[in-house]
Protein chains: 2
Amino acid sequence: MKKFQIIYNDFRNKIVNGTYAAGQALPKEADVCETFGVSKMTAKRAFDMLVSDGFIVKQRGKGTFVQDISPAEMEILAEANQFLGTTALNPKKSVTSSVLHFETISVPLDVADKLNISPIEQVYDILRVRQVDGMPMVIEHTYMPIKTIPDLSLKNVESSIYNYIEHKLNLKIASARRTISARKATGEEAALLMLRKNDPVVEVKQIGYLADGVAFENSTSIHRYDEYEFEIVLHRKN
Amino acid sequence: MKKFQIIYNDFRNKIVNGTYAAGQALPKEADVCETFGVSKMTAKRAFDMLVSDGFIVKQRGKGTFVQDISPAEMEILAEANQFLGTTALNPKKSVTSSVLHFETISVPLDVADKLNISPIEQVYDILRVRQVDGMPMVIEHTYMPIKTIPDLSLKNVESSIYNYIEHKLNLKIASARRTISARKATGEEAALLMLRKNDPVVEVKQIGYLADGVAFENSTSIHRYDEYEFEIVLHRKN
DNA sequence: AAGTGGTCTAGACCACATT
DNA sequence: ATGTGGTCTAGACCACTTC
């Protein structure tokens, strides 16, 4: 474990469990350096990560303080933070997939632009409905270039594509660009999600990237409006 | 301007305008150090910011490369990134507010928890409909503690509360926690937004924080489903 | 073996807040 | 004047990739 991670974890735990309460001052950088036997840059790095995650604020000339958050809200904040597929997000529940389409096609033009590939390339065209404990939660329409994700099988698609990519192909999923909006469900969507036509759905468009920067996935997910919530901490620039 | 910002801006511009194309290698850290006359930590910091914003990827042992993004998508990425109020987000359009409620009340219990204040404190209770070029876009229901934001006037509420906070009170708005979900519009919401009852709306709940970590705002915004979109770049932790 | 980025140091000096 | 965090340096050493 890296030194900055040790320091980050230590203070994160003490903030979440209330050892450091809302508004309370944390030790100054110089003390952290001494306590953990690290240099200033390393202590600063750990604190900067806590700022980024919304736990603390730093004020030049004054000190470092726990963000003004109630214990109940602190719990929620501690649980938030990550980006994962549906399987990993529901580790305690049974996640299953019904595969409605799974074929290889020439890439549609708009998808070619998002994946930044030539319009003559082939992609998987995958349509799945994912259930949590048997209840349909989301329709996922995914395109993936076959040259990047070779030999994808129906079995992979039925269980977890991310698992295949990371543990069979040994590729690292690194980041994603996501757009979130809402609209009315079409009749087909409503039927699949057990909603009525024109009920609200959340539409999440995502472009996924591997650690080498290559786009490997362009997906559109249609979520039941009553089963989707997206949380984030935002920081103003400057 | 800080050195790391100069380097960040330089490469950001060259990536957005195509001087460095998708997949292309950027200079190695050592070269950046020499070119800009900075140390390794400073060059690294600038590149780490570009990673965070989704422009590049770094691969240990190999080098640094532009993310695999088409020129069209690069434009979109370059425009994204920030958190601002409605006024600032629509600088070219006329943003107006209809104030439906503006009173001072004892804080509701759930709001007291989000703002982490005592249940006997007073807060502004503000209900506004905000229009862009005359079209109703969003209903904002905002609570703010009067002790943190004193002397808020109807005039401020009619124009821009953020402007009052930042330029009259000289407080710095630093961060926010946001939750995004969708649901059906109530009859009242539909009337205000010129929708039909049960049409989709996007519900954005936000807790805003000042630079000293104090929560100054708890708001719920109801957006027309066809006029709201939220974009973000996410990174996987490890 | 050579080349790349990642972590970390032990300081120096600066900017802002408080006394 | 003192104390705080912010920027930056000039390295050392490590981890991973490629040859």
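Chain A is the first sequence line, chain B the second, and so forth, proteins listed ahead of strands; every chain is numbered from 1. When reading the values below, keep in mind they use all heavy atoms of this one structure, side chains included, and skip hydrogens, waters and symmetry mates. All of these numbers come straight from a predicted model, not from anything done at the bench.
- One can place CG of D212(B) at 15 Å from C1' of dC16(C), the figure rounded to the nearest angstrom.
- Backbone-only contact: F4(B) has heavy atoms under 4.0 Å from sugar-phosphate atoms and none from a base.
- With rounding to whole Å, K28(A) atom NZ is found 18 Å from dA17(C) atom P.
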Inset, instruction - Take R12(B) and L50(B), measure what side chain to side chain contact (heavy atoms under 4.5 Å, CB included) needs, and give me the verdict at the end. - result: CA-CA 7 Å; R12(B) 188 187 196 280; L50(B) 290 165; 3.9 Å; yes
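- Summary of the strand contacts: L26(B) and K3(A) both lie near DNA chain C, and taking for each the nucleotide with the nearest heavy atom, the more 5' one is attributed to L26(B).
- Side-chain polar atoms of Q206(B) and S221(B) form no donor-acceptor pair below 3.5 angstrom.
- Using a 4.5 Å heavy-atom threshold, the side chains of Y209(A) and V214(A) count as separate.
- The neighbour count for I120(A) CD1, taken as heavy atoms of other residues, nucleotides or ligands under 6.0 Å away, does not exceed 12.
- The CE-C1' distance, from M49(A) to dG6(C), rounds to 14 Å in whole Å.
- For R60(A), whose side chain is taken as the heavy atoms from C-beta onward, the closest listed nucleotide among dT18(C), dT7(D), dG6(D) is dG6(D).
- Residues from residues 32-45 of chain B that place a heavy atom under 4.0 Å from any atom of DNA chain D, listed by number: G37(B), V38(B), S39(B), M41(B), T42(B), R45(B).
- One can place CD of E29(B) at 10 Å from P of dT7(C), the figure rounded to the nearest angstrom.
- Phosphate proximity of dG6(D) to K2(B): absent, as no side-chain N or O sits under 4.0 Å from OP1 or OP2.
- In this structure, K58(B) places its NZ atom 16 Å from P of dC16(D), rounding to the nearest Å.
- The NZ atom of K62(B) sits 13 Å away from the C1' atom of dG5(C) (whole-angstrom rounding).
- Salt-bridge check for K114(A) with E73(B): passed, with a basic side-chain N closer than 4.0 Å to an acidic carboxylate O.
- R178(B) is not listed as a side-chain neighbour of K205(B), based on a closest heavy-atom distance of 4.5 Å or more.
- Proximity of T64(A) to the phosphate of dT4(D): no side-chain N or O atom is located under 4.0 Å from OP1 or OP2.
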